[in-house]
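One structure is given here, and the rest of the page talks about it.
In what follows, chains are A, B, ... by sequence order, proteins preceding strands, each numbered from 1. Since we're looking at a predicted model, the values are computed, not measured.
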Number of protein chains: 2
Amino acid sequence: MLKIATFNVNSVRSRMHILSQWLHDNRVDVLCLQETKTEDQFFPASEFEALGYEAVFKGEKAYNGVALLSLHPIMNPHFGLEDGEEPDPATRIVRGTVLGVHIINTYVPQGKSIDHSDYQYKMRFFDRLKTLFDREYSKADDLLWVGDMNVAPTDIDVTNPGNKRDHVCFHEDIKKKFEEIKAWGFIDVFRKYRPGEGEFSFFDYRVKNALERNIGWRIDHILATSSLAHRSEDCYVDRGPRGWEKPSDHAPVVGAFNIDE
Amino acid sequence: MLKIATFNVNSVRSRMHILSQWLHDNRVDVLCLQETKTEDQFFPASEFEALGYEAVFKGEKAYNGVALLSLHPIMNPHFGLEDGEEPDPATRIVRGTVLGVHIINTYVPQGKSIDHSDYQYKMRFFDRLKTLFDREYSKADDLLWVGDMNVAPTDIDVTNPGNKRDHVCFHEDIKKKFEEIKAWGFIDVFRKYRPGEGEFSFFDYRVKNALERNIGWRIDHILATSSLAHRSEDCYVDRGPRGWEKPSDHAPVVGAFNIDE
DNA sequence: GTGAGATCTG
DNA sequence: CAGATCTCAC
């Protein structure tokens with residue numbers, strides 16, 4: 001069994017109390033972090049090591065930052081899109097292979113507003129990612145693409161779809177772009193197991209009692225190529241840590257895959 | 001018995017975890033706080049009330065602030081020097097009477113540097129305090145003057161006297177001034193019980209492992225008029241809380257007085 | 001080093 | 001609301 005989780009931690013250093021407790025309780029094989037918000041020299045690698053996890057990571061001061069943690073060796077780690085285009089978002093994408101499964105962890109740009117150049121950059125990010133899939137992987141591979149995608153794919157993935165039509169994480173253009181790239185060869189494993197409404201992974205700090213009122217977004221995803229998706233066993237949001245002291249605004253999304261047979 | 005403590009908390013709101021625990025363990029009759037660093041509307045009065053303590057307090061945003069907490073009624077509370085001189089440091093001195101004992105709690109200005117005007121203000125603070133003693137009290141009163149005095153009176157009250165001759169808390173001028181005002185009628189109760197070296201109440205955060213290495217200053221004091229000093233039973237620094245999680249840089253100083261006979 | 005403040009960001 | 005940064009104070 002390969003248990004993998006994706007978790008936007010909103011500062012890895014401010015979230016060690018959550019991460020220690022959660023990894024102690026869950027022992028996922030792989031944990032993909034986004035928004036670590038710290039330069040590599042300050043990344044708490046030894047704390048993860050003490051928990052049994054090796055880590056590859058790249059971050060910057062205050063913004064972005066991704067990490068790939070694993071109980072098993074991480075083979076062939078890479079950062080960024082490596083397509084020769086500038087800028088290469090090296091602190092938004094980390095890849096590696098664990099137990100023969102290729103893993104891509106992305107922190108997709110949020111986009112600010114639909115008339116902002118960052119939104120075009122976000123669209124372009126997905127295009128470039130598709131190029132990377134074409135270049136580096138095959139649709140027949142055991143491939144997992146996980147992370148904070150900053151896209152809620154359908155109406156049931158947000159609390160109030162009506163007032164979010166112009167939102168950078170819910171606009172028709174970005175949803176279409178996301179569907180296109182998923183069509184490369186990915187299955188939304190979460191929806192295999194939780195097809196209903198009210199399933200969210202992000203609860204804005206600014207919304208009062210968002211967790212209790214279940215006002216959120218499903219923008220953190222675990223996507224798998226069909227070979228792997230067919231061997232999936234479960235996928236769920238663990239809302240627990242969102243309710244702990246000093247939480248991230250995101251909750252971990254966990255997936256389980258039977259890779260042993 | 002009257003147990004009294006003085007404790008520079010370096011933000012009362014950031015120190016509630018320490019204060020709750022410590023008051024639960026110690027149940028002093030009176031606790032004098034300095035550097036509460038909060039406006040009165042945000043002072044955690046109800047939390048102290050829940051612990052059985054009534055409080056009089058005056059603070060300001062980010063700086064200064066004093067509080068007088070007591071298990072017994074606080075009679076005739078006053079703030080500031082009330083001498084008509086401006087400015088009146090109302091958030092640096094609180095007075096009141098508990099079980100017939102007059103208590104003065106001061107947070108004496110630090111002074112910044114010996115060539116800074118704040119240092120002159122510090123000297124003047126002691127002069128004005130002496131005027132207050134003359135005006136409001138008699139040397140025959142049961143009177144306690146406690147607080148963060150920002151003066152280490154003698155060579156054994158600091159770790160390295162040699163390199164502190166020009167320090168605002170150790171310069172000859174301020175030590176002389178402090179001795180003069182003590183001469184109004186106060187006895188340093190702490191030294192009755194702990195005459196030796198290496199007794200400190202303040203351990204700078206910036207000195208690595210200051211507590212374990214015992215590198216500090218004795219600048220928090222419990223002074224009593226002779227009638228009361230003769231009935232004192234003990235006086236000590238409780239270094240415990242300085243070693244707890246998220247501590248103040250000061251430790252409480254505790255004194256016990258047999259006022260029942 | 002650890003409080004506080006203000007300002008910016010999502 | 002809660003990260004980040006910076007400045008200030010002790």
A/F7 CZ to D/dG3 P, straight-line distance once rounded to whole Å = 12 Å
What is the distance, rounded to the nearest whole Å, between atom CG of A/N8 and atom P of C/dT9?
-> 19 Å
Starting at atom CH2 of B/W244, determine the distance to atom C1' of C/dT2, rounded to an integer number of angstrom.
-> 19 Å
Is any side-chain N or O of A/K246 closer than 4.0 Å to OP1 or OP2 of D/dG3?
-> yes
For A/E179 and A/P153 the tightest heavy-atom approach is OE2-CB, 3.8 Å
In whole angstrom, what separates B/F42's CZ from C/dA4's P?
-> 12 Å
For the pair made of CZ in B/R242 and P in C/dT2, what is the distance, rounded to whole Å?
-> 9 Å
Can you check the B/H17 NE2 to C/dT2 C1' distance for me, whole Å?
-> 12 Å
Ignoring backbone atoms, establish whether A/K208 has a side-chain N or O less than 4.0 Å from OP1 or OP2 of D/dC1.
-> yes
Answer with yes or no after comparing the ring centroid distance for B/H167 and B/W217 against a 6.0 Å cut-off, counting only values under it.
-> yes
Heavy-atom contacts, protein to nucleotides 4-10 of chain D, under 4.0 Å, summarised as B (base), S (sugar-phosphate only) or - (none) per nt, yield SS---SB
Taking the six-membered ring for Trp and the full ring for Phe, Tyr or His, determine whether the centres of B/F178 and B/H221 are under 6.0 Å apart.
-> yes
Would A/K182 count as a cation-pi partner of A/W145, with NZ or CZ less than 6.0 Å from the six-membered ring centre and within 45° of the ring normal?
-> no
Would B/K58 count as a cation-pi partner of B/F79, with NZ or CZ less than 6.0 Å from the six-membered ring centre and within 45° of the ring normal?
-> yes
Are A/K175 and A/F170 in a cation-pi setup, meaning NZ or CZ lies under 6.0 angstrom from the ring centre and within 45 degrees of the ring axis?
-> yes
